[in-house]
Amino acid sequence: MDDPEKIDFRKTLNLPKTDFPMKANLARKEPEFLRFWEDNKIYQRRVEQNRPNSKFILHDGPPYANGHLHIGHALNKILKDIIVKYKLMKGYYAPYVPGWDCHGLPIELQVDKKLGSKKHDMPLPERRKLCRNYAAGFVDIQREEFKRMGGFGDWDTPYLTMSKAYEAATVREFGKFVRKGYVYQGKKPVHWCPSCATALAEAEVEHADKTSPSVYVKFQVSPGEAAKVCAKAVEGSDKNDKKISIVIWTTTPWTLPANLALAVNPAISYVFVRQGQNDILILAENRYKALKDELALALEPLHALKGRDLVGMQAMHPFIERASQVVAADYVSTEDGSGVVHIAPGHGEEDYKIGLEHGLDVYAPVDNRGRFTDGVAEFAGKFVFKANEDIIETLSGLGALLKRQDIVHSYPHCWRCKKPVIFRATEQWFISMAHEDLRSDALKEIDRVEWHPKAGRNRIYGMVEKRPDWCISRQRVWGVPITLLKCKKCGTHTTDEEALESFINHVSEKGADVWFEKESEALLPAGYTCKKCGADEFDKEMDILDVWFDSGVSHAAVLEENERLSWPADLYLEGSDQHRGWFQSSLLASVGTRKSAPYRAVLTHGFIVDGKGRKMSKSDGNVVSPHEIINRQGAEILRLWVSAADYQEDVKISNEILSRLVEAYRKIRNTCRYLLGNLYDFDPAIVFDPSSLPELDRFALSRLNRLIKQVSKAYDSFRFHEVYHLIYSFCVIEMSSFYLDILKDRLYTMAADSKERRGSQWVLYQVLKTLTGLMAPILSFTAEEVHSFTPAAANQSVFLEPFPKVEEALIDEELESDWMRLIDLRDEVNKALEIKRREKFIGNSLEASVTLYLDEDLRDFLGKYSEDLAMIFIVSEARPADLQNPPSDSGLFQGEVKGSKILVLVERSDGKKCQRCWNWRADVKAGDDGQDICARCKEVLAG
RNA sequence: GGGCCUAUAGCUCAGUUGGUUAGAGCGCGCGCCUGAUAAGCGCGAGGUCAGUGGUUCAAAUCCACUUAGGCCCA
């Protein structure tokens, strides 16, 4: 050092050089790339560039425009983005139009909450305007959040279910259902939230524990009946003195005023059993034991009958003058209760069905606030849940109450206000599943669609097979109106083309608000009169459409209306819960009007759970927020997490998982950085004929092309975790620990412009470009960053590049299998070296000279590689020898390669260490400056 | 309670039509290197394939049940 004469060999080497930072600083630098993409319209340019090519349309399921994004949104949108980017790079015309679901109860409730009591004085159009603004606000928020994740798409022109054009399309599609005769009005019990005063969709109901009174109630059998039907049962007792009663059990005493029947299971056995002095009770035989003590029943039942023998019997309502007939129902079980179910057709789904079968009235004497109507004189005006106690008291006073306790059970609650809901028969609008074979056609279509995973088919099939008619009306304000007017004179609805067309025109011009702003007559064409009676005055239908109808028609409102898109979509991609939601509403909306499914394929992902596999909930405190990850580790890590998981099942996320991914990210990044570092002086204009390259390089190219093939296949089948594993393993196994490690000597020590070094640089260049392209759909930020450092990159952005293409000719099976065998040998040599390292016999592997004692087969195989062995093993010398004549060295390593025994002798090289290339060679001599240098290096330095 | 689904090393994933001692990478432990350096390389230890029972010459793989978990419904 102090000697100025001494050459600093380090300076004579071609060491890697790059400004590409090792530290990614993702959270800080990602926004710069976002700006780059936006400023340069990279997505738009790529889409346009692909316009002449075949289309691939991924139709976005609209998230609800309320609240910030959670990790589930991130999973969904990143998966979509990976697909869109892959298809774009593959050359498909794949515009991605994101959308938002803007109408509906949750937003309305948020707005109502803010308004408080002012809500009642506010005209409807104004409340709707507030809802619109609220939704628009969250569309903006969520849009920014999605964009931050690196997603490509038409963010400036998304589809909104509340836009005029979309609302008009919704009205138009509804009109088609009306014209085709699917739509009918009927009384039916629906989940009803008395607090929100609205019918709720299935999806709007959630189950939670509730404490309810559990009561056993006697329904006395009409005296005449007792004698007839029960003659045998009461034989031997003084029948005239005895009261015979059927025992029912219910947890909703408030439904008793609406009781019209009692259901028994015809197949099971019922017993007559004495209670106290004067009572005989009827209940299921296998409930007798459980209830014996509770109800203070006699020790022995008097008699038993099958349920079917009880059918037709008349019982008397305990406190209303009305008969209640015994009917048969297969679903009645004896798991709890008394084996007899009280039936109120207006207050239960099963009850309703049974009522239909027996011609019972759909009776529901409860108003929209959950209060009894005047129909129930003694409880009129009482809120049903409060009336429970009054009813129980009444029953008790009449001696009809057998038992009362409180139980905690799972009960339906309103998803918004979290209060318990009731079943209540109301006037609703329905789409009939039976009309025009809607159900069977939908089922046929399900089998024409490709479902990923396959189980999705069964899931939606089962649901569509069993689902009831679609209740499409809601008694709320924030939505698309049910555009029907009712003639004031004859009550006929305006279902004709002329009226519906007029409504569509009004809505497309002014938006759906027009329905609430204008008078009925102003919505109709001038001079319009009722088609039935000729009257000209109408009442407006004030119900709005189910939001599932809104989003269900997106195929029509978006795919058909946007000329850049096409119908049907190639793919829908949502969480597996959407088999009941959007996949189904879209299917029905499309089959009903077009007799065909709106999608060719449906891909679903699972739900996100914590590291232990539990679902996330605020109360458990295991919620992971995407913002935190983005701000701490970067959106790139979130994207890598999405890609690494097998999303068709539940996806786990935890700090451990994320930190593993951060490490994997660093490895991929560093591999790219190292490639870049070795290309600082490479001119990509130089083209090499691959066949002229050494085997090692051809092996690397073969592996690289195999990688392209495998990765493409994985992308094509949406198996992104395979993409991740393939790319990552390639970086670690093929590159970092093998090819690149071996190449160091060649790259650093040979003449910068030598054929050998340029050849490997050319290979490294191929590897770099390929890796960048392969990872771009997932690691978009990093791929772009690498691309910006890549020498002579043709395009401004990696997303303007074609996806890497396989060169089949470069995949060489034979070469690969030979080199796999060499790698097996290398593994054995490494084990032998490690032992010597532990013995402190060597440190750096270059200090070693290795002799391999091999059988004839292996020696033959190694023949052509004998010159390359030292390079491959990264030792100073390596030579094959005959296994038959091993030395008597006790330190011989015994190994095995594919069943062949081998022996490895590790010695210290007897040469000297070259101060420049660090190899130990016999030809190392002191140079002019007195430093040891090998002949090869001397030649390089001589130029 | 019903429908659909899942369960392989600490983590993420492989395990072809059931067929030799269940694989990979990471992490972990130990070590080397200091010319990828908040890097790189090597070696090693980790699994009764959720459990139980069955079919079979043979089961992680097929069947049944159980347990745990997820989605959807009741």
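Side chains are part of it too, since the values below use all heavy atoms of this structure and drop only hydrogens, waters and symmetry mates. Per chain, numbering begins at 1; letters A, B, ... match sequence-line order. All figures in this text were calculated on a predicted structure; none of them were measured in a lab.
- Checked by distance alone, A/Arg838 brings no side-chain donor or acceptor within 3.5 Å of a matching partner on the base of B/rC32.
- Residue A/Arg916 is classed as a base contact, given a heavy-atom separation below 4.0 Å to a base.
- A/Gly606 comes within 4.0 angstrom of no nucleic acid atom, judged by non-hydrogen atoms across all strands.
- Contacts of A/Leu13 with the nucleic acid, taken as non-hydrogen atoms under 4.0 Å apart, include base atoms.
- Out of B/rC13, B/rG40, B/rA36, the shortest distance to the side chain of A/Lys667 is found at B/rG40.
- Among the protein residues, A/Glu574 comes within range of no part of the nucleic acid, since none of its heavy atoms lies under 4.0 Å from any strand.
- Relative to the side chain of A/Lys652, the nucleotides B/rC30, B/rU12, B/rG25 differ in distance, and B/rU12 lies closest.
- Using a 5.5 Å limit on the distance between ring centres and a 30° limit on the angle between planes, the aromatic ring of A/Phe607 does not count as stacked on the six-membered base ring of B/rG70.
- In this structure, A/Lys840 reaches the sugar-phosphate backbone alone: every heavy-atom distance under 4.0 Å involves primed, P, OP1 or OP2 atoms, never a base.
- Across B/rA14, B/rA39, B/rA74, the shortest atom-to-atom separation from the side chain of A/His721 is found for B/rA14.
- At a threshold of 4.0 angstrom between heavy atoms, the contacts of A/Asp646 are confined to the sugar-phosphate backbone, with no base atom among them.
- Note on A/Ser654: nothing from the nucleic acid sits closer than 4.0 angstrom, heavy atoms only.
- Judged by atom type and distance alone, A/Ser736 reaches the base of B/rA36 through a side-chain donor-acceptor pair under 3.5 Å.
- Side-chain proximity of A/Arg660 to B/rG27, B/rU12, B/rC43: nearest is B/rG27.
- Here B/rC71 is the nucleotide among B/rA39, B/rC26, B/rC71 with the atom lying nearest to any side-chain atom of A/Lys615.
- Nucleic acid contact for A/Ser737: sugar-phosphate only, since backbone atoms but no base atoms lie under 4.0 Å from a heavy atom of the residue.
- Nucleotide B/rU55: unpaired (no Watson-Crick or G-U wobble partner with both distances less than 3.5 Å).
- The base of B/rC71 sits within donor-acceptor range of the side chain of A/Arg459, with an N or O pair under 3.5 Å.
- The nucleotide B/rA38 finds no pairing partner, because no Watson-Crick or G-U wobble arrangement with both distances shorter than 3.5 Å includes it.
- Side-chain N or O atoms of A/Asp824 include none that pairs as donor or acceptor with a backbone N or O of A/Val897 at under 3.5 Å.
- Of the residues near RNA chain B, A/Gly843 and A/Asp577, the one whose nearest nucleotide (by heavy atom distance) lies more toward the 5' end is A/Gly843.
- Shown here, B/rA24 forms a base pair with B/rU12; the pair counts as Watson-Crick or G-U wobble because both key distances fall under 3.5 Å.
- In this entry the distance linking CD of A/Glu349 with P of B/rC73 reads 12 Å, nearest Å.
- Here A/Ile733 lies in heavy-atom contact (under 4.0 Å) with sugar-phosphate atoms only.
- The two residues A/Lys23 and A/Arg669 come nearest to each other via the heavy atoms O-NH2, 3.9 Å.
- Summarising the base pairing, B/rG46 is matched to no nucleotide, lacking a Watson-Crick or G-U wobble pair whose two defining distances lie under 3.5 Å.
- Between the side chain of A/Arg837 and the backbone N or O of A/Gly843 there is at least one donor-acceptor pair closer than 3.5 Å.
- Residue A/Ile842 is the one, among A/Gln578 and A/Ile842, whose nearest nucleotide of RNA chain B lies closer to the 5' end (criterion: closest heavy atom).
- Between B/rA45 and B/rC30, the distance separating the two C1' atoms is 10 Å to the nearest Å.
- A 4.5 Å side-chain heavy-atom check between A/Ile82 and A/Tyr715 finds at least one atom pair inside the cut-off.
- B/rC4 and B/rC11 have their C1' atoms separated by 28 Å, with the value rounded to a whole Å.
- For A/Glu834, counting side-chain heavy atoms from C-beta on, the closest listed nucleotide (B/rU12, B/rG42, B/rA74) is B/rG42.
- Using atom C1' as the reference point in both B/rU8 and B/rG46, the two lie 14 Å apart (nearest Å).
- The pair A/Glu663-A/Arg666 does not count as a salt bridge, with every side-chain nitrogen at least 4.0 angstrom from each carboxylate oxygen.
- For the pair A/Gln761/A/Asp681, a side-chain contact is recorded, criterion being any heavy-atom separation below 4.5 Å from C-beta on.
- With both pairing distances under 3.5 Å, B/rA7 is matched to B/rU67 as a Watson-Crick or G-U wobble pair.
- Here the nucleotide nearest the side chain of A/Ala455, chosen from B/rC4, B/rG35, B/rA36, is B/rC4.
- In this structure, the nucleotide among B/rU12, B/rG35, B/rC32 sitting nearest to the side chain of A/Tyr724 is B/rU12.
- Among the nucleotides B/rG35, B/rC32, B/rA74, the one closest to the side chain of A/Arg10 is B/rG35.
- Note on ring orientation: taking the six-membered ring where Trp is involved, the planes of A/Phe583 and A/His579 are perpendicular (angle over 60°, cut-offs 30° and 60°).
- Among B/rC33, B/rG35, B/rC72, the nucleotide with an atom closest to any side-chain atom of A/Trp918 is B/rG35.
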